[in-house]
Protein chains: 2
Amino acid sequence: MRARPVWDEGTKKRLIEAAGEIFALHGFRAATVREICKRANASVSAVNYHFRDKEGLYEAVFEYSHRWAVEKYPHDWGIGAGATPEERFRAFIRSFLLRGLGDGFPAWHGRLLAQETANPSGVLSKVAETIIRPMDEYLDGIVRELVRRENPSRDPDGHSVQLSRMNVIGQCIFQLHARQLLELTGLEHLDRPQIIDLADEITRFSLGGIRAIATAGRSE
Amino acid sequence: MRARPVWDEGTKKRLIEAAGEIFALHGFRAATVREICKRANASVSAVNYHFRDKEGLYEAVFEYSHRWAVEKYPHDWGIGAGATPEERFRAFIRSFLLRGLGDGFPAWHGRLLAQETANPSGVLSKVAETIIRPMDEYLDGIVRELVRRENPSRDPDGHSVQLSRMNVIGQCIFQLHARQLLELTGLEHLDRPQIIDLADEITRFSLGGIRAIATAGRSE
DNA sequence: TATTATTTCGAACAGCTGTTCGAATTTGTC
DNA sequence: GACAAATTCGAACAGCTGTTCGAAATAATA
């Protein structure tokens with residue numbers, strides 16, 4: 001006569017989605033299993049049954065959100081094969097921000113990465129190889145092209161390229177943090193065109209920055 | 001016959017410094033009073049005696065580190081009164097990074113801010129007025145000058161200025177996060193000249209970005 | 001030295017944490 | 001419908017959390 005799991009489509013899936021929101025909001029350590037289960041309308045022991053651990057749940061969340069992210073917003077999102085470096089650069093930033101700010105239901109993908117950046121939990125290293133490294137290498141290729149274009153006379157300086165990459169990612173991740181903070185204090189959600197506008201402005205800013213780095217001498 | 005507090009210069013001060021390190025490392029919520037007291041060689045009840053709360057300790061840490069920061073690395077660090085906007089901009093970024101990456105003993109000041117950015121604890125709002133807002137307004141003035149210089153024909157667009165500010169701060173905070181992560185995985189500490197080099201590269205990048213934003217039309 | 005206030009300590013507290021376990025329930029297969 | 005496997009549940013667990021409290025120790029004052 002008590003709660004029958006009829007109205008749902010799998011406790012497992014509900015747990016992953018609830019956990020994604022909570023983990024993205026509080027980080028791994030501060031998030032509690034009980035809060036997750038409450039949001040998922042499941043008992044606390046369900047986590048251990050389906051995922052063995054709180055950590056196992058965390059990994060599952062990462063895997064789930066990563067699969068969703070690369071499927072819905074791949075790095076070359078919305079552009080063709082023969083696109084210019086600028087276009088690919090813009091597409092990369094757009095998809096990055098849409099992954100973290102969009103209202104698609106697992107919109108917490110980017111914020112998970114942001115949380116891990118601020119407070120690495122140890123689980124990160126397991127998924128870093130499958131999530132962060134490919135992203136970083138993809139961006140590296142674009143930046144190298146941009147630098148080479150700006151200064152064809154010599155090979156891009158690896159140090160400068162790395163710095164430019166970090167600056168771009170830093171701007172994007174800061175947007176995720178700032179938005180999360182602002183929305184908690186009662187700011188409206190950004191809709192899709194606004195996110196794209198924001199992405200394009202960051203693109204413009206970063207292109208200017210990369211040019212400034214590329215055209216300068218190696219050392220001051 | 002037991003531990004006599006002779007060898008120290010005040011439990012209170014030791015607690016604040018130990019707490020600074022731990023809070024900067026784990027954030028407010030994940031840091032534990034017991035770990036702090038262990039590092040400070042004090043009993044757990046000392047926190048409640050001197051600071052009433054864990055939260056009170058946190059506020060004391062902020063106040064302490066803020067006072068240290070503005071004294072040792074003010075925003076106009078190392079430049080004279082009649083400096084150009086570029087020089088003031090560079091000085092701002094240098095002091096920001098030195099506050100968070102330097103090896104001065106409360107080097108955790110910047111990381112505290114970074115932690116609060118990633119996971120606002122509620123205490124932040126109390127200190128935001130005294131720490132973040134002045135910093136933001138100072139930076140705002142510089143960026144406005146830079147934009148006006150680039151495009152004297154019209155007043156700086158407030159939206160663009162805000163975005164440029166966020167981008168600059170985002171790059172700097174990301175450096176703090178990235179460094180903390182890299183150092184945990186066994187990377188060497190940056191020494192002072194390296195930090196200054198890094199600051200100057202970020203300065204160059206950001207100047208290029210600001211110029212790109214300033215010279216572009218308001219809307220695409 | 002006697003007396004008072006300040007500081008420190010360890011033990012104990014209630015509450016929350018992740019996890020385990022057996023019973024109850026649902027689902028799948030014949 | 002009968003049986004077995006998979007799933008869900010609530011209760012209970014040991015461990016850690018921040019905090020409290022009275023006693024012990026120190027410092028200050030006379």
query = So, is A:H50 close to the D:dT8 phosphate, meaning a side-chain N or O under 4.0 Å from OP1 or OP2?
reply = yes
request  = Describe the nucleic acid contact of B:T32 in one word from base, sugar-phosphate, nothing, applying a heavy-atom distance below 4.0 Å.
outcome  = sugar-phosphate
remark   = Smallest heavy-atom separation, B:Q175 atom then A:M166 atom, equals NE2-CE, 3.6 Å
remark   = Separation of C:dT19 atom P from A:R52 atom CZ, nearest Å, is 9 Å
request  = State whether A:S43 places a side-chain N or O below 4.0 Å from either non-bridging phosphate oxygen (OP1 or OP2) of D:dT8.
outcome  = no
ask   = In terms of the nearest nucleotide of DNA chain D, which residue is placed more toward the 5' end: A:Y49 or A:R29?
value = A:Y49
ask   = Can you tell which of C:dC9, C:dT19, D:dT19 lies closest to the side chain of B:V44?
value = D:dT19
ask   = Does one side chain, of B:N119 or A:Q180, offer a donor that lies under 3.5 Å from an acceptor on the other?
value = no
key: Sugar-phosphate only, base, or nothing, as touched by A:A30 at under 4.0 Å among non-hydrogen atoms   = nothing
remark   = Whichever of A:A46 and B:N48 has the more 5' nearest nucleotide on DNA chain D, that residue is A:A46
inquiry  = If we check ring-ring contact (aromatic ring centres under 6.0 Å, His included) with B:F23, which of these qualifies: B:Y64, B:F62, B:F28?
reply    = B:F28
ask   = Taking atom C1' of D:dT19 as reference, at what distance in whole Å does atom CD of B:E55 sit?
value = 14 Å
message = Rounded to whole Å, how long is the line connecting atom CZ of B:R34 with atom P of D:dG18?
response = 7 Å
key: Trace of the salt bridge (charged side-chain N to carboxylate O under 4.0 Å, His left out) decision for B:R204 with B:D200   = CA-CA 6 Å; B:R204 195 200 306 280; B:D200 291 353; over 6 Å; no
ask   = How many Å lie between NZ on B:K38 and P on D:dT17, as a whole number?
value = 11 Å
task = Test A:E63 against A:R67 for salt bridge (charged side-chain N to carboxylate O under 4.0 Å, His left out), laying out the working first.
result = CA-CA 6 Å; A:E63 188 184 327; A:R67 181 162 32 216; 3.7 Å; yes
key: Length of the NE2-C1' vector between B:H26 and D:dT17, whole Å   = 15 Å
key: Rounded distance (Å) that lies between atom P of C:dT17 and atom CG of A:D53   = 17 Å
message = By nearest atom, which of the nucleotides C:dC9, D:dT19, D:dC9 is closest to the A:S45 side chain?
response = D:dC9
ask   = Could you give the CZ-to-P distance, from B:F51 to D:dT20, as a whole number of Å?
value = 15 Å
ask   = The side chain of B:V33 lies closest to which of these nucleotides: C:dC9, D:dT20, D:dG18?
value = D:dG18
Whole angstrom value for the distance that separates P of C:dT7 from CZ of B:R14 = 14 Å
